[in-house]
Participant: 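First, the structure itself, so that you have it in front of you.
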There are 2 protein chains.
Amino acid sequence: MFKPLDPLLHSQLRLAVMSLLIGVEEAEFTFLREKTESTAGNLSVQLDKLEKAGYIGIEKSFKGKRPLTTCKITKVGLKAFEEYVENLRNYIE
Amino acid sequence: MFKPLDPLLHSQLRLAVMSLLIGVEEAEFTFLREKTESTAGNLSVQLDKLEKAGYIGIEKSFKGKRPLTTCKITKVGLKAFEEYVENLRNYIE
DNA sequence: TAAATAGGTTTATGATATAAACTATTTTAA
DNA sequence: TTAAAATAGTTTATATCATAAACCTATTTA
């Protein structure tokens with residue numbers, strides 16, 4: 001009936017990040033920060049967790065002379081997200 | 001875009017409880033415990049929080065000689081749940 | 001060249017979810 | 001008839017987590 005909800009995704013900010021990443025090829029740190037209206041510190045921590053779980057990939061490079069962090073959802077992440085949503089539906093429908 | 005999710009509802013067990021209470025006139029503690037597969041301690045704590053927020057009403061009585069705790073969703077609780085679900089949709093659709 | 005901005009990371013803390021331990025009563029088994 | 005187990009919870013302890021504050025380094029601007 002109520003399947004457990006992946007604690008990594010059952011978090012407002014991480015869920016928002018995953019939601020954003022599903023719609024795009026890849027996204028920059030600042031883009032995610034603006035869209036989620038989060039602080040940089042919080043976003044940084046949550047991105048780390050998603051990366052460690054293998055849900056997203058993070059690439060660090062430079063845009064001109066400034067550091068650039070680019071995020072991309074992985075197959076594992078996409079699958080986890082879909083399963084989370086599927087499970088969540090039992091709670092809200 | 002991403003509206004904040006009511007922290008009181010963005011919790012697996014409390015959400016499950018509210019989900020159950022929406023479907024019924026009222027529900028006993030033991031019913032909720034079985035359906036959610038939670039421990040009694042956890043359930044007790046979460047019911048308290050829902051009650052303190054005014055999302056549910058709790059009545060204590062007796063069934064025969066044994067204590068009986070009965071829970072019921074309130075109008076405030078129903079509205080909060082509906083708003084939560086509405087906000088959540090932005091994250092998962 | 002001092003101050004502000006950009007693009008983050010690390011650290012501190014307060015809140016939260018959860019289970020373990022506990023209470024009180026009732027039923028069952030020996 | 002009393003010891004043990006079950007019922008129906010509550011209280012307490014803990015470990016984790018989300019979050020923002022503080023911090024860092026390089027770059028741009030006044």
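By convention in this document, chain letters (A, B, ...) are assigned in the order of the sequence lines, proteins followed by strands, and residues within each chain are numbered from 1. For clarity, every value in this text was computed on a predicted model and none was experimentally measured.
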Participant: What are the two closest non-hydrogen atoms of B/Y91 and A/F81, and how far apart are they?
Facilitator: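 Result for this residue pair: O-CZ, 3.6 Å.
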
Participant: Name the closest nucleotide to the A/N42 side chain, picking from C/dA17, D/dA20, D/dA8.
Facilitator: D/dA20

Participant: Please pick, from D/dT27, C/dA19, D/dT10, the nucleotide with the shortest atom-to-atom distance to any side-chain atom of A/K65.
Facilitator: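 The answer is D/dT27, which lies nearest to the side chain.
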
Participant: Starting at the 5' end of DNA chain D, which residue's closest nucleotide do you reach first, A/G41 or A/R14?
Facilitator: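 It is A/R14, whose closest nucleotide lies nearer the 5' terminus.
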
Participant: Mark yes or no for whether B/Q12, through its side chain, and A/L5, through its backbone, hold a donor-acceptor pair below 3.5 Å.
Facilitator: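 Side chain of B/Q12 to backbone of A/L5, a donor-acceptor pair under 3.5 Å: yes, one is there.
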
Participant: Send over the distance from B/L43 CG to D/dT11 P, rounded to a whole Å.
Facilitator: 14 Å

Participant: Roughly how many Å is it from CZ in B/F31 to P in D/dA8, rounded to a whole number?
Facilitator: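 In whole Å, D/dA8 P lies 15 Å from B/F31 CZ.
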
Participant: Provide, to the nearest angstrom, the distance between the CZ atom belonging to A/R66 and the C1' atom belonging to C/dT5.
Facilitator: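 Taking atom C1' of C/dT5 as the reference, CZ of A/R66 is at 7 Å.
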
Participant: Consider the side chain of B/Q46, meaning its heavy atoms from C-beta on, and name the nucleotide among C/dA17, C/dT26, C/dT9 that approaches it most closely.
Facilitator: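 Looking only at side-chain atoms, B/Q46 lies closest to C/dA17.
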
Participant: Of the candidate nucleotides D/dT19, C/dT27, C/dG8, which contains the atom at the shortest distance from the side chain of A/K60?
Facilitator: C/dG8

Participant: Assign B/R33 to base, sugar-phosphate, or nothing according to its heavy-atom contacts below 4.0 angstrom with the strands shown.
Facilitator: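 Answer is nothing: B/R33 stays at 4.0 Å or more from every strand.
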
Participant: Is the backbone N or O of B/G54 less than 3.5 Å from a side-chain atom of B/T74, with the two atoms forming a donor-acceptor pair by type?
Facilitator: yes

Participant: Would you mind telling me which of D/dG9, C/dT16, C/dA19 lies closest to the side-chain atoms of B/T69?
Facilitator: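 Per side-chain heavy atoms of B/T69, the pick is D/dG9.
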
Participant: Just the rounded figure in Å: distance from C1' of D/dT11 to NZ of B/K49.
Facilitator: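 Rounding to the nearest Å, NZ of B/K49 and C1' of D/dT11 are 13 Å apart.
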
Participant: Give B/S11 one of three labels, base, sugar-phosphate or nothing, depending on what nucleic acid heavy atoms sit under 4.0 Å from its own.
Facilitator: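 The residue B/S11 makes sugar-phosphate contact but no base contact.
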
Participant: Could you pick out which residue, A/L13 or B/S44, lies toward the 5' side of DNA chain D when each is mapped onto its nearest nucleotide?
Facilitator: B/S44

Participant: Rounded to the nearest angstrom, tell me the gap between atom NZ in A/K63 and atom C1' in C/dG7.
Facilitator: 10 Å

Participant: Could you state the CD-P distance from A/Q12 to D/dC17, rounded to the nearest angstrom?
Facilitator: 17 Å

Participant: Please classify the nucleic acid contact of A/L68 as base, sugar-phosphate, or nothing, using heavy-atom distances under 4.0 Å.
Facilitator: sugar-phosphate

Participant: What is the distance, rounded to the nearest whole Å, between atom CZ of B/F2 and atom P of D/dT19?
Facilitator: 14 Å

Participant: Provide, to the nearest angstrom, the distance between the CD atom belonging to B/E34 and the P atom belonging to D/dA6.
Facilitator: 16 Å

Participant: Does B/T30 put a side-chain nitrogen or oxygen below 4.0 Å from OP1 or OP2 of D/dA8?
Facilitator: no

Participant: So which atom in B/L43 and which in B/F29 form the shortest heavy-atom distance, rounded to 0.1 Å?
Facilitator: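 Between these two residues, the closest heavy atoms are CD2-O, 3.6 Å.
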
Participant: Side chain of B/R14, backbone of B/L9: donor and acceptor closer than 3.5 Å?
Facilitator: no

Participant: By nearest nucleotide on DNA chain C, pick out whichever of A/P67 and A/V45 is the more 5' one.
Facilitator: A/P67

